[in-house]
Amino acid sequence: MDQIIVAIRSRHVLLHFGSEHRDSSDKKHRDKDKERLKLKDGSSDKQKDKHKEKKKEERVGRVLCFSHIGTILSELSPLADSSSFDLFGDMVQINNVLVLALCGAILVACVGMLVYILPSLCFFMPFRWEEERYTDGVKWKFLEHKGPVFAPPYDPLPSNVKFYYDGKHMKLSSTAEEVATFFAKMLDHEYTTKEVFRKNFYKDWRKEMTSEEKSKITDLNKCDFSEMSEYFKAQSEARKAMTKEDKQKIKEENERILQEYGFCIMDNHKERIANFRIEPPGLFRGRGDHPKMGMLKRRIRSEDIIVNCSKDSKHPKPPPGTKWKEVRHDNKVTWLVSWTENIQGSIKYIMLNPSSRIKGEKDWQKYETARRLKKCVERIRAQYRDDWKSKEMRIRQRAVALYFIDKLALRAGNEKEEGETADTVGCCSLRVEHLTLHQEMGGQEYVVEFDFLGKDSIRYYNKVPVEKRVFKNLQLFMEDKEPEDDLFDRLNTSILNKHLQELMDGLTAKVFRTYNASITLQQQLNEITNSEDNVPAKILSYNRANRAVAILCNHQRAPPKTFEKSMQNLQTKIDAKKEQLADAKRELKSAKADAKVRRDEKSKKAVESKKKAVQRIEEQLMKLEVQATDREENKQIALGTSKLNYLDPRISIAWCKKFGIQIEKIYNKTQREKFAWAIDMAGKDFQF
DNA sequence: TGCGGCACTTAGTACACGGTGA
DNA sequence: TCACCGTGTACTAAGTGCCGCA
């Protein structure tokens with residue numbers, strides 16, 4: 001924890017440094033920017049069109065784009081399974097046109113599809129994220145899917161697994177028993193020791209009891225779920241100990257379900273669905289001090305489900321004897337299935353995978369908006385600095401909040417319903433109690449100390465030196481207020497976003513986070529990558545740049561349970577390697593001495609081979625040490641979130657191309673699928 | 001302007017799975 | 001072959017932001 005606090009504390013240093021560098025980096029790329037700026041503000045579509053044209057030209061020259069054939073094939077054929085995606089994904093890396101064409105042809109024949117149209121499709125069909133977009137909010141013209149997969153029905157406990165109340169065996173009704181098993185499954189978790197969790201669970205459990213059970217069970221503390229808990233643990237062990245064949249059978253069944261329900265057809269493309277399984281019933285696990293933790297998440301039935309598909313598609317069938325709540329044909333939304341959950345009354349959705357056209361396109365758009373912000377961020381900064389002096393309180397508050405959002409990458413901070421969720425805040429919802437002002441601290445003037453719980457109840461702790469005007473404004477905002485009062489009482493996210501919208505089309509508070517994350521990565525990579533380094537050292541640099549962003553965005557994780565042990569293991573390996581190196585060096589020394597005496601070819605060769613051995617061991621040692629540094633620095637920082645949601649993937653891809661690093665070293669298979677649009681698009685010279 | 005509903009993105013955690021080394 | 005461990009994935013909670021209505 002100390003480490004993360006140090007890291008977070010140092011964040012402002014990083015940011016401050018970042019903003020200085022931002023300016024110099026801008027200079028570096030001014031020529032490129034000038035070119036971009038020639039396009040009038042908000043002209044990203046024109047840019048995209050230009051890019052499209054260029055891409056189309058390239059494509060005709062490229063003869064065939066095999067990744068695309070793979071997609072087309074799998075999409076054209078409902079018989080083609082997901083492995084065909086993999087096959088073609090891998091093929092992209094093999095530059096053997098003939099082999100690929102042959103494979104393509106065989107597959108085409110196998111699936112019995114329209115062979116004669118393929119060549120023209122491959123030559124002229126644009127990539128999926130470059131296809132024409134619909135207007136007026138239309139998201140698709142055709143959508144067909146098989147509906148959701150429901151949670152399996154409750155399987156009652158065997159008669160030898162008993163529940164005890166006040167030390168006596170008690171047979172529960174099936175409904176009450178099911179809810180009891182939810183609690184039993186969580187018995188080892190800290191949740192079940194929490195007062196609120198227990199209270200909510202007990203209250204909801206009673207609703208499921210028969211009147212007889214209700215009259216008997218009056219105290220949760222007298223309930224003994226231990227036999228149930230042991231039973232589930234044993235089941236889990238049994239699953240792990242299953243034979244290979246049994247495991248294989250389960251795998252095959254899961255694969256069959258995936259093939260049947262895991263894909264849909266959207267506008268001639270076969271797309272992977274993200275979460276086609278309905279959430280099973282259980283106990284609600286809110287994060288932080290959630291007032292509703294432990295409440296019963298009820299089982300979702302067909303009658304709760306709204307299905308969305310196109311009129312002219314084959315509609316999904318509900319399980320026999322049941323019916324859907326509604327079948328809708330709304331092509332202005334992207335979801336396939338929705339239902340309302342009973343805890344918060346919010347709507348849950350089944351949507352497409354991040355690799356889908358619809359998600360990829362949105363992702364691309366998000367980064368293009370952030371890049372547009374880059375062009376006008378200095379103007380916006382100048383304006384909010386000016387607004388710190390405004391005569392109007394609401395404008396001053398807006399300007400200070402925007403400064404925090406820009407400088408510290410804080411979230412917007414929508415208002416929340418009190419008592420419905422954990423008490424967490426973002427920028428606009430900060431309260432007086434979340435800030436402490438220090439006129440002077442640690443040799444720095446005007447320091448603001450932030451301490452609050454953000455999204456997911458993750459603590460944000462930071463001490464930031466701010467400009468005098470900001471400091472004075474904060475003093476003014478806090479004057480005559482109670483700790484629990486809003487810091488920005490004349491501001492909310494909708495006011496702020498309305499203002500941002502006036503400054504730049506499509507600008508919201510969220511865009512600043514994307515912009516600052518991506519620009520930080522770009523700057524850090526430019527700065528710390530050494531072209532002379534070997535691959536592991538370059539990857540360490542990349543991870544460090546990624547880490548800088550994760551710290552900026554306050555992406556924390558619980559240290560892995562096995563962290564200390566795994567570090568110890570790694571250290572043991574390092575020690576062993578060091579010993580091995582010392583041995584190898586000794587052997588080299590003696591071989592050299594031997595060669596000096598003998599002066600023959602054989603002993604010279606021996607020296608060479610010992611030299612090589614030393615070199616190899618040194619490299620291995622360096623690799624291990626780099627791994628240890630990386631792991632230690634990553635202990636409480638989650639890199640994944642920023643990588644997936646905030647960093648323009650084109651920056652990373654360009655970096656890989658520029659420094660000869662395989663993209664596989666940076667992005668795993670799923671990430672490469674998600675960022676397929678960027679892999680196609682970014683050349684080695686791309687700059688955010 | 002405020003509010004609630006809705007759609008969608010962002011987030012951390014648990015656990016299954018598969019690679020690796022003894 | 002087996003145990004261990006790290007990585008990838010599934011899951012689902014918790015945010016943001018827009019829209020329509022009063």
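What you see below is based on every heavy atom in this structure, not just the backbone, and it leaves out hydrogens, waters and symmetry mates. Chain A is the first sequence line, chain B the second, and so forth, proteins listed ahead of strands; every chain is numbered from 1.
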What residues, two or more places apart in sequence or in another chain, satisfy salt bridge (Lys or Arg N to Asp or Glu O under 4.0 Å) together with A/Lys194? none
Which listed nucleotide (C/dA14, B/dC8, C/dG17) is nearest to the side chain of A/Arg287? C/dA14
A/Asn497 atom CG is separated from C/dT16 atom P, nearest whole Å, by 10 Å
Students often get this wrong, so: under 4.0 angstrom with heavy atoms, is A/Arg239 touching a base, only sugar-phosphate, or nothing? nothing
Give a yes/no answer on whether the side chain of A/Asn414 brings an N or O atom under 4.0 Å of OP1 or OP2 in C/dT16. yes
By nearest atom, which of the nucleotides B/dT10, B/dA14, C/dG15 is closest to the A/Thr424 side chain? C/dG15
A/Ile347 has an atom CD1; how far is it from atom C1' of C/dC18, in whole Å? 14 Å
Under 4.0 Å from OP1 or OP2 of B/dT9: is there any side-chain N or O of A/Lys510 that close? no
Return the 5'-most residue of the pair A/Asp456, A/Asn668 with respect to DNA chain C, ranking by each residue's nearest nucleotide. A/Asn668
Selected nucleotide, minimal atom distance to A/His189 side chain, candidates B/dA14, B/dA7, C/dG15: B/dA14
Heavy atoms from C-beta onward define the side chain here; which of B/dA11, C/dA13, C/dA14 lies closest to that of A/His290? C/dA14
For atom CG of A/Leu647 and atom P of B/dT9, their distance in whole Å: 17 Å
Taking only the side-chain nitrogens and oxygens of A/Thr334, find out if one of them lies under 4.0 Å from OP1 or OP2 of B/dC8. yes
So, do A/His145 and A/Phe276 have ring centers that fall under 6.0 Å from each other? no
Need one value for A/Gly640: base, sugar-phosphate or nothing, where a base atom within 4.0 Å counts as base even if backbone is also close, heavy atoms only. nothing
B/dC17 P sits how many Å from A/Asn254 CG, rounded? 8 Å
Could you tell me the separation between the CZ atom of A/Phe512 and the P atom of B/dT9, rounded to a whole number of Å? 21 Å
Do A/Ile250 and A/Met242 come within less than 4.5 Å of each other through their side chains, counting heavy atoms only? yes
Taking only N and O in the side chain of A/Gln344, is any of them less than 4.0 Å away from OP1 or OP2 of C/dA14? yes
Rounded distance (nearest 0.5 Å) linking atom CD of A/Glu392 with atom CZ of A/Arg490: 9.5 Å
Kindly say if A/His555 contacts the phosphate of B/dG12, meaning a side-chain N or O under 4.0 Å from OP1 or OP2. no
Counting side-chain heavy atoms from C-beta on, which of B/dA11, B/dT13, B/dA7 comes nearest to A/Val333? B/dA7
Over all strands shown, is A/Phe284 touching base, sugar-phosphate only, or nothing at heavy-atom distances under 4.0 angstrom? sugar-phosphate
What are the two closest non-hydrogen atoms of A/Asp304 and A/Arg299, and how far apart are they? OD2-O, 4.0 Å
Side chain of A/Asp330 (C-beta onward), nearest among B/dA7, B/dA14, C/dA14: B/dA7
Remember a base hit wins even if backbone is also touched, and classify A/Pro280 as base, sugar-phosphate or nothing at under 4.0 Å, heavy atoms. sugar-phosphate
Could you tell me whether A/Gly454 contacts a base, only the sugar-phosphate backbone, or nothing, with contacts defined as non-hydrogen atoms closer than 4.0 Å? sugar-phosphate
Base, sugar-phosphate, or nothing for A/Lys247, non-hydrogen atoms under 4.0 angstrom? nothing
Has the side chain of A/Lys348 got a donor or acceptor atom sitting under 3.5 Å from an opposite partner on the base of C/dT12? no
So, is A/Lys359 close to the B/dT9 phosphate, meaning a side-chain N or O under 4.0 Å from OP1 or OP2? yes
Please confirm whether the ring centroid of A/Phe225 lies under 6.0 Å from the ring centroid of A/Phe183. yes
Taking only side-chain N and O atoms of A/Tyr349, does any of them lie within less than 4.0 angstrom of OP1 or OP2 on B/dC6? no
Among B/dA14, C/dG17, C/dG8, the one nearest any side-chain atom of A/Thr670 is C/dG8
In whole angstroms, how far is the C1' atom of C/dT7 from the OH atom of A/Tyr667? 17 Å
Whether A/Phe450 and A/Tyr460 hold their rings parallel, tilted or perpendicular, with breakpoints at 30° and 60°: perpendicular
Taking atom types as modelled, find out whether A/Gln259 and A/Glu255 have a side-chain donor-acceptor pair closer than 3.5 angstrom. yes
Give A/Lys455 one of three labels, base, sugar-phosphate or nothing, depending on what nucleic acid heavy atoms sit under 4.0 Å from its own. base
Closest nucleotide of DNA chain B for A/Arg285 versus for A/Asp363: which of these residues is on the 5' side? A/Asp363
Tell me: CD of A/Glu341 to C1' of C/dT12, nearest whole Å? 10 Å
Do A/Asp204 and A/Arg298 have side chains that approach each other closer than 4.5 Å (heavy atoms only, starting at C-beta)? no
Could you tell me whether A/Ala422 contacts a base, only the sugar-phosphate backbone, or nothing, with contacts defined as non-hydrogen atoms closer than 4.0 Å? nothing
Kindly point out which of C/dC11, B/dT13, C/dG15 is positioned nearest to the side chain of A/Arg277? C/dC11
Would you mind telling me which residue lines up with the more 5' stretch of DNA chain B, A/Arg557 or A/Lys240, judged by nearest nucleotide? A/Arg557
Report which part of the nucleic acid A/Ser346 touches: base, sugar-phosphate, or nothing (heavy-atom distance under 4.0 Å, all strands). nothing
Need to verify one output field. Residue with the more 5' nearest nucleotide on DNA chain C, A/Leu283 or A/Arg411? A/Leu283
For A/Ser338 and B/dA7, is the shortest distance between a side-chain N/O and OP1 or OP2 below 4.0 Å? no
Contact under 4.0 Å: A/Arg272 side-chain N or O vs C/dA10 OP1/OP2: yes
Are A/Thr641 and B/dT10 close enough that a side-chain N or O sits under 4.0 Å from OP1 or OP2? no
Checking B/dT13, C/dT12, B/dG18 against the side chain of A/Lys251 (C-beta onward), the nearest is B/dG18
Given atom CD of A/Glu279 and atom C1' of C/dA10, what is their separation to the nearest angstrom? 11 Å
The nucleotide from B/dG2, C/dG15, B/dG12 with an atom nearest the side chain of A/Asn492 is B/dG2
